[in-house]
Amino acid sequence: MSSKRAREVLGVTAQATAAELRRAFREAAKLAHPDRKGGDAARFREVVEAYHLLHEAKPSDRVVQPPATVARPARASEGKILPVPPLLAMTGGEMEHALADGRRIKLTLPPGLRAGDKVRAGDAEFEVALRGDGQMLVRGDDLWITVPLDPRLLAEGGRIALETPLGRRVVWVTKKAGERGLVRLVGQGLPARGRHRQGHLFLRLTVAAGEANSAARTLRRRFAAAWAA
């Protein structure tokens, strides 16, 4: 496994600190663990291998060097990180980026970008870093979205229409999926691009804000009514 592939597996950049690397490993290992629904033994082994490779690498192995063919001094904008939100990484499109010297440039990004990919704007090269926006994050090739639901829907399951940053999704939530709080939509993650495989979309199902107390009050009222009867 190459260092670049290891970074893609863990969803980190070449500049990730040891603490960031450990956090990414714990999250990726938890999601890929074969005992977890949606987990995969082969992917779990890949996560472990990626962590050991990056953890044991010498500091000099993780420094991004300029291409050997470049004879002129590198501009301040070259070799820098380009933070890309997950939705734009999936769909592609235009974005603006502020350079260190205060100038702003406009880039047109292709769909299916992964962490560590390189993009160019003129004679400047940037390394893509996928940054979660609170609603959506990227792990490897997969997208993860947190979706708040009424607790009754989580408990009873069924066919549910969900509003997500990617648009409306109609999914079947089993009682077991509701208990685990996780649904996988196969093939709806980052699109295949180059050597990258088609990813999946994972929906984290959580209780909507304010609904948990409401559900508890409803149960208490039912209990009081039954007791009084």
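Residue numbers count from 1 along this sequence. Just so we're clear, the structure is a prediction, and the values are computed from it rather than from any experiment.
Interatomic distance, CD of Q188 versus NE2 of H200, reported as 10.5 Å (0.5 Å rounding). With rounding to the nearest 0.5 angstrom, the CG atom of L130 is 13.0 Å from the CE atom of M90. Taking OG1 of T108 as the start and CE of M95 as the end, the distance is 11.0 Å to the nearest 0.5 Å. One distance of note links CZ of R23 with CG of L10; it measures 13.0 Å at 0.5 Å rounding. In this structure, the separation between CG on L31 and CZ on R26 is 13.0 Å, given to the nearest 0.5 Å. Between E96 atom CD and K106 atom NZ the span is 5.5 Å, to the nearest 0.5 Å.
Taking every heavy atom of both residues into account, L190 and Q198 meet most closely at O-NE2, 3.2 Å. When every heavy atom of L113 is checked against every heavy atom of R193, the shortest pair comes out as CD2-NH1, 3.9 Å. Scanning all heavy atoms of the two residues, the minimum distance from V12 to E20 falls at CG1-O, 4.5 Å. In terms of heavy atoms, V84 sits closest to A89 at CG1-N, 3.8 Å. Shown here for G178 and V173, the closest heavy-atom pair between the two residues is N-CG1, 3.9 Å. Contact detail for A177 and T174: the closest heavy-atom pair is N-OG1, 3.0 Å.
Comment: D142 engages R197 in a salt bridge, judged by a side-chain N to carboxylate O separation of less than 4.0 angstrom. The existence of a salt bridge linking K176 and E179 is excluded, since no basic side-chain nitrogen approaches an acidic carboxylate oxygen closer than 4.0 Å.
Within a 6.0 Å radius of CZ in R195, other residues, nucleotides and ligands contribute more than 12 heavy atoms.
Taking the side chain as every heavy atom from C-beta outward, L203 and L182 never approach each other to under 4.5 Å. Using a 4.5 Å heavy-atom threshold, the side chains of I145 and R169 count as separate. Between L137 and R204 the shortest side-chain heavy-atom distance falls below 4.5 Å. Using a 4.5 Å cut-off on side-chain heavy atoms (C-beta onward), I81 and R131 make contact.
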Check step by step if side-chain contact (heavy atoms from CB on, under 4.5 Å) holds for L82 and L107.
-> CA-CA 10 Å; L82 179 69; L107 303 94; 4.1 Å; yes
Determine, stepwise, if the pair L149 / V207 fulfils side-chain contact (heavy atoms from CB on, under 4.5 Å).
-> CA-CA 5 Å; L149 282 182; V207 176; over 6 Å; no
Would you sort out whether D141 and E8 count as a side-chain contact (heavy atoms from CB on, under 4.5 Å), showing the intermediate values?
-> CA-CA 8 Å; D141 303 309; E8 292 172 354; over 6 Å; no
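The backbone N or O of G112 lies less than 3.5 Å from a partner atom in the side chain of R114, making a donor-acceptor pair.
Relative orientation of the F126 and H97 rings is perpendicular, given thresholds of 30° and 60° on the angle between their planes.
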